[in-house]
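In what follows, a single structure is set out as structure tokens and then discussed.
Sequence positions, counted from 1, serve as the residue numbers for this chain.
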Amino acid sequence: MVALSEIQALLGDPRFNWSDPAPWIELEREFGVEFPADFREIVNAYGSIVINGQLYLEHPAGHLLHSLGGTIREDLEFWRAGDMAGFLPAPVGASPGELMPVASAMTGEWVFLRVPDGPSSPWRVVVQELDSPAHTLYEMTFSEWLLAYLKGEDVTVCSRNLAPDRPFWEFMS
């Protein structure tokens, strides 16, 4: 698994550095799933941010203007709507094999974590392009996928044109 230090080397130092597990416990209790450790570590380090003016990541702390829990609830409702479900390779939700929406991009992509089929199975990333019925399953952890994105690799959401010098982030406003 990719270490947070590899993300920081490209993205820069985080300034959120959240350590209270309470928002995650509440979120995981609500959805009945424990989010992957690498995803939690990155979001705890950076908070609710926009990467390269494109990719939106949110933290579950309820006092934030942009909270992961509220966004997941809205996105689950959106993707469960009759005509949207056909755009995905699996249903949305927290059961094994289902897709949990965890990030989005201003360029029309949604990033999902695929809930593992069993306790020893890894989490994977699925990216859906909203402007087409295309989706891609990445046999990567979230941290591996984010590192590939930060390096400018093609992981459906592409940063090369938005961050030509180096990746950057800012808190959501």
Side-chain angles (χ1 to χ4, degrees), residues 1-8 11 13-51 55-81 84-85 87-105 109-128 130 135-150 155-157 169 171-173:
M1 188 179 315
V2 169
L4 180 59
S5 60
E6 294 175 83
I7 303 286
Q8 290 173 321
L11 194 54
D13 290 331
R15 294 194 312 258
F16 193 66
N17 300 310
W18 188 269
S19 61
D20 180 5
W24 287 105
I25 292 168
E26 183 179 321
L27 185 70
E28 292 170 348
R29 188 175 301 130
E30 177 182 351
F31 293 111
V33 66
E34 185 175 328
F35 287 84
D38 66 324
F39 177 73
R40 288 175 57 149
E41 182 180 37
I42 292 164
V43 172
N44 277 339
Y46 287 95
S48 293
I49 61 171
V50 180
I51 300 174
L55 182 63
Y56 299 92
L57 290 180
E58 295 176 340
H59 191 276
H63 73 281
L64 299 173
L65 180 60
H66 303 280
S67 175
L68 180 61
T71 299
I72 288 175
R73 281 187 291 281
E74 291 172 7
D75 289 350
L76 287 172
E77 185 177 318
F78 173 79
W79 286 103
R80 286 178 176 147
M84 295 310 297
F87 282 84
L88 297 174
V92 293
S95 296
E98 291 185 334
L99 306 176
M100 181 64 68
V102 296
S104 62
E109 297 86 5
W110 252 274
V111 180
F112 297 86
L113 293 176
R114 185 183 178 282
V115 180
D117 292 321
S120 63
S121 299
W123 287 81
R124 294 299 182 222
V125 175
V126 172
V127 180
Q128 166 61 44
L130 191 58
H135 57 270
T136 305
L137 169 66
Y138 292 94
E139 296 290 336
M140 305 171 160
T141 64
F142 181 79
S143 57
E144 291 167 339
W145 179 88
L146 182 61
L147 185 63
Y149 165 79
L150 295 173
V155 287
T156 307
V157 180
W169 66 271
F171 286 116
M172 287 184 167
S173 54

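- One finds the CE atom of Met100 at 13.0 Å from the CZ atom of Arg114 (value rounded to the nearest 0.5 Å).
- Rounded to the nearest 0.5 angstrom, Thr141 OG1 and Trp123 CH2 are separated by 12.5 Å.
- Contact annotation: the side chain of Asp75 never approaches that of Val92 to less than 4.5 Å [non-hydrogen atoms, C-beta and beyond].
- When every heavy atom of Leu55 is checked against every heavy atom of Ala103, the shortest pair comes out as CD1-CB, 4.3 Å.
- In this structure, the side chains of Pro14 and Ile7 stay at 4.5 Å or more apart for every pair of heavy atoms.
- Between the side chain of Glu98 and the backbone N or O of Ala94 there is at least one donor-acceptor pair closer than 3.5 Å.
- Closest of all the heavy-atom pairs between Pro60 and Leu27 is CB-CD2, 3.9 Å.
- Nearest heavy-atom pair across Ala90 and Gly97 is CB-O, 3.4 Å.
- Here Trp110 and Phe78 bring their ring centres to under 6.0 angstrom of each other.
- Atoms OG and CE, on Ser67 and Met172 in that order, are 10.5 Å from each other to the nearest 0.5 Å.
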Side chain to side chain contact (heavy atoms under 4.5 Å, CB included) assessment of Leu4 paired with Tyr46: CA-CA 11 Å; Leu4 180 59; Tyr46 287 95; 4.3 Å; yes
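- Ring-plane geometry between Trp18 and His59 is classed as tilted, the angle between the planes lying from 30 to 60 degrees on a 0 to 90 degree scale.
- Surrounding CD of Gln8 are more than 12 heavy atoms belonging to other residues, nucleotides or ligands, all under 6.0 Å away.
- When side chains are defined from C-beta on, His135 does not count as touching Phe112, because their heavy atoms never get closer than 4.5 Å.
- Atom CD of Glu34 has 12 or fewer heavy atoms from other residues, nucleotides or ligands within 6.0 Å.
- Leu68 places a side-chain heavy atom less than 4.5 Å from the side chain of Trp24.
- Side-chain atoms of Leu99 and Trp79, non-hydrogen and from C-beta on, never get closer than 4.5 Å to each other.
- Shown here are the side chain to side chain contact (heavy atoms under 4.5 Å, CB included) partners of Ile25, two or more places apart in sequence or in another chain: Pro21, Arg29.
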From CA spacing to verdict: side chain to side chain contact (heavy atoms under 4.5 Å, CB included), Glu28, Arg40: CA-CA 11 Å; Glu28 292 170 348; Arg40 288 175 57 149; 2.8 Å; yes
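- Shown here for Ala105 and Val157, the closest heavy-atom pair between the two residues is CB-CG1, 4.1 Å.
- Closest of all the heavy-atom pairs between Pro116 and Ser121 is CB-O, 3.3 Å.
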Verdict with supporting geometry, Leu57 and Trp169, side chain to side chain contact (heavy atoms under 4.5 Å, CB included): CA-CA 10 Å; Leu57 290 180; Trp169 66 271; over 6 Å; no
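- From Phe142, atom CZ reaches atom CZ of Arg124 across 14.0 Å, with rounding to the nearest 0.5 Å.
- Within the 4.5 Å cutoff, no side-chain heavy atoms of Tyr149 are placed close to those of Val127.
- One distance of note links CZ of Phe31 with CD of Glu26; it measures 10.0 Å at 0.5 Å rounding.
- In this structure, the side chains of Leu146 and Asp38 stay at 4.5 Å or more apart for every pair of heavy atoms.
- Taking each heavy atom of Tyr138 and Val155 in turn, the nearest pair found is OH-C, 2.9 Å.
- Between Thr71 and His66 there is no side-chain heavy-atom pair separated by less than 4.5 Å.
- With Pro36 as reference, Leu113 is the one residue of Ile42, Val115, Leu113, Val102 to meet the side-chain contact (heavy atoms from CB on, under 4.5 Å) rule.
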